[in-house]
Number of protein chains: 2
Amino acid sequence: MAPDPSATGTRMTSQALGSDPVPGSPRTGSVMRDVARLAGVSHQTVSRVLNGHPNVREATRQRVLEAVEALGYRRNLAARALVTRRTGTLGIVGFETTLFGPASVLYALEDAARRAGYFVSVTTIRDLDRRSILDALERLRTQSVEAVIALAHKPAITAALAQLPDAFPRVAVGGSGGEDTVSSVRVDNVTGAGLATRYLLDLGHPTVHHVAGPADWPEARQREEGWRATLEDAGAMVPPVRPHDTARRAWGAGIGYEEGRLLAADPSVTAVFCANDSLALGVLRALHEAGRRVPDEVSVIGFDDAPESGYLIPPLTTVRQDFAALGQQGIALLLDQFDHSDRADQARTPRQVVLPPVLIPRASTAPPGQQPHA
Amino acid sequence: MAPDPSATGTRMTSQALGSDPVPGSPRTGSVMRDVARLAGVSHQTVSRVLNGHPNVREATRQRVLEAVEALGYRRNLAARALVTRRTGTLGIVGFETTLFGPASVLYALEDAARRAGYFVSVTTIRDLDRRSILDALERLRTQSVEAVIALAHKPAITAALAQLPDAFPRVAVGGSGGEDTVSSVRVDNVTGAGLATRYLLDLGHPTVHHVAGPADWPEARQREEGWRATLEDAGAMVPPVRPHDTARRAWGAGIGYEEGRLLAADPSVTAVFCANDSLALGVLRALHEAGRRVPDEVSVIGFDDAPESGYLIPPLTTVRQDFAALGQQGIALLLDQFDHSDRADQARTPRQVVLPPVLIPRASTAPPGQQPHA
DNA sequence: TCGTTCGATGTGAACGTTAACATTCCCGTG
DNA sequence: CACGGGAATGTTAACGTTCACATCGAACGA
């Protein structure tokens, strides 16, 4: 089968619509005129009924509805979109959606969009080169989505969003937030990291080590920043942080394990703040292997509150992000842009929503030099 | 002659298109005629170029493409869909997509669909009542998707799929597979469970206990079945299994923890096969708390091979499912239906693809009565 | 040299819906 | 009793493509 007949770059790639490959005829069923005939009215009246227009006599409305039911009639969205210039579809740009966080956000986004009466078209970014990000956006625009929501964990994604035409509604969810060019929803990573760090300091630890996420994720940077600032505020020594390049598994337990081995070898380490729960899980394992007890000798704290984190050995103290709220607020921000899109005045001004993280204390943290208790 | 499943209300829920709420005018940009004028040809020639028709002079083609580029022209999918009766969109019905497995499948589906030139519209099922499943399907059909792929972990979902009109292409991914009414892709859970169980028996364990998944998930049932059959084959005693109702977290570490505590209290238990890795994680924790060493005293094995499983304490032996392949095969099966949809002969015959799971031996399993070694 | 054929292009008519405007009918009012 | 007006409905024309067919050349074989 011919994948792509057409010529130029990515632009007009023949979609599945390309004439050759797939035959398939959806066998339309009935159209508005059929309903109209059956109900003994004009197609326009049918349209009015279906769109909830006020000026239709109740008896007529009923007759039309019955005809609709009898024929199993379904409106043709394409025809509707053609004339109304509205598709009722939101585009979602996904990224790393097999990770727990992004997957949860995606889920919440879809839910909120549906509740708001929108369809959702999803496309996922695999590689982060400029081209594939723009491709994703292009794909969505080809579909005439009315707005785009991106899981904007990487700056490049937010940047691409910023380049959409002025009037195009968009929201960045998660990730950076530094950009004031795009409306965005994110969790306050700096505060979250501060929460974790302060908690450990308050327990009596002289300082807190940090296992960082990939350096090219703003979220990772912000957590590091929050950690560092808190230490400095407290006048504590700031231990060095080993940077990770964006290697695929840079948020993963494997990296946590490697880092954990190094930390385990350093007897001065009594507290570790990890940029997420997976990293913490790896650290936990490394400490365990090295015979360093948690939390008796070393306290460990994570970020995210993944579903399993409460059942690790020991249950992981962590900072919870409300992923569901992230998605809901994202859609809310979008609807807000729709509402104001007529009065262009302050509609263009991007809004930033920042969600507060919450510390979830569990058994992986304790004052330093503690005796075992379980 | 298409039996329509619909029946109930919900039918014509006013989508976001409903006249009132959102104004927003996407400011169309240029249309085909504009391109035609600029290139000095007819709109039909533009259409031909864009669709890769053969009979266009090279010079003309170039001129058209330049005009397209110059105007930033983009085809209107709605207009195209209206006349071709093809939307180039696949509908995906998601379920529990925040779990690692489903999220991975979703990801793979989207990827494969995109490669095949299709757009993807996603809708997620929250509650499993008949109504909301049908609603999901209805939503998708309103969008004129050309096919539906469902994450069919529950029988009710597969059943709903089976009720689509005869000619409607569909695929069930994951889950049951028992139904011969719908083409489906799934992992061979029975074999996978057998692999795990046999592995433990071969290590010398007299029998293997089982922590089951929710009873209303066919996957859970099949794993239990594979486990049971293998024990019976080997003439081993079959320990009782505690059933879990479909409580939300029935696949989760919490349940594993509860079960693990019971198992830990029984000194005769030397090997446990868990229906997934999360359950195993909970079991691991319970055993640890009870002071029963893994794998020295008790061996534990999971299912899925989640990314973290190699970093648990100890690293978890598990059965890997190839989620990516699940998605790819799902799309492949769909495309296959498209190809044959003209010759209705054997096209209707549902095809079943069953993927083999692989045992991943790690450190959570060992012969019974082993001495500690690390 | 002249039809015949095929390649390159143009013309007109769908596709199924909604928007705009026209029409009908009935009511209340002067 | 005619008239203005609004409620209920119908009629026509878009929307932007693609398809089917018509047209116009030029190349080709006899």
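Sequence lines set the chain letters: A, B, ... in the order given, protein chains first and strands last, and positions in each chain run from 1.
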Study note, to complete from the structure: Heavy-atom closest pair (B/R86 atom, B/Y118 atom, distance to 0.1 Å) is NH2-OH, 3.7 Å
Does [N] have OP1 or OP2 under 4.0 Å away from a side-chain N or O of [X]?
X: B/R33; N: D/dT17; answer: no
X: A/R75; N: C/dT18; answer: yes
X: B/S47; N: D/dT18; answer: yes
X: B/T45; N: C/dG10; answer: yes

[options]: which one has an atom nearest the side-chain heavy atoms of [X]?
X: B/T60; options: D/dG16, D/dT18, C/dT9; value: C/dT9
X: A/V56; options: D/dT17, D/dT9, C/dT9; value: D/dT9
X: A/H43; options: D/dG10, D/dA13, D/dT9; value: D/dA13

Salt bridge or not between [X] and [Y]? Use side-chain N to carboxylate O under 4.0 Å.
X: B/E138; Y: B/R141; answer: no
X: B/R126; Y: A/E110; answer: yes
X: B/D111; Y: B/R115; answer: yes

Rounded to the nearest Å, what distance is computed from the [atom1] atom of residue [X] to the [atom2] atom of nucleotide [N]?
X: B/R48; N: D/dA22; atom1: CZ; atom2: C1'; value: 12 Å
X: B/D34; N: D/dT17; atom1: CG; atom2: P; value: 9 Å
X: B/L82; N: D/dA14; atom1: CG; atom2: P; value: 17 Å
X: B/N55; N: C/dC6; atom1: CG; atom2: C1'; value: 9 Å
X: B/H53; N: C/dT9; atom1: NE2; atom2: C1'; value: 13 Å
X: A/R86; N: D/dC15; atom1: CZ; atom2: C1'; value: 16 Å
X: B/R57; N: D/dA26; atom1: CZ; atom2: C1'; value: 12 Å
X: B/Q44; N: D/dA20; atom1: CD; atom2: C1'; value: 10 Å

Exercise for review: Output, in order, the C-alpha distance, side-chain angles, deciding distance and verdict of side-chain contact (heavy atoms from CB on, under 4.5 Å) for B/I133 and B/L128.
Suggested key: CA-CA 7 Å; B/I133 298 178; B/L128 267 176; 3.9 Å; yes
Practice item. Find out whether B/Y107 and A/T124 are in side-chain contact, i.e. whether some heavy atom of one side chain is under 4.5 Å from a heavy atom of the other. Key: yes
Exercise for review: Look at the side chain of A/R74 and the base of C/dG16, then say whether one donor and one acceptor between them are separated by less than 3.5 Å.
Suggested key: no
Practice item. Select from B/V83 and B/G40 the residue whose nearest nucleotide in DNA chain C is closer to the 5' end of that strand. Key: B/G40
Exercise for review: Decide if atom CZ of B/R351 counts as having more than 12 heavy atoms of other residues, nucleotides or ligands within a radius under 6.0 Å.
Suggested key: no
Exercise for review: Scan side-chain atoms only and decide if B/E66 and B/Q62 contain a donor-acceptor pair under the 3.5 Å cut-off.
Suggested key: no
Check your understanding: To the nearest 10 degrees, what angle separates the axes at the start and end of the helix from C/dT1-D/dA30 to C/dG30-D/dC1, five pairs each?
Key -> 50°
Point to revise | Touch class at under 4.0 angstrom, heavy-atom based, for A/S42 against every strand present | key: base
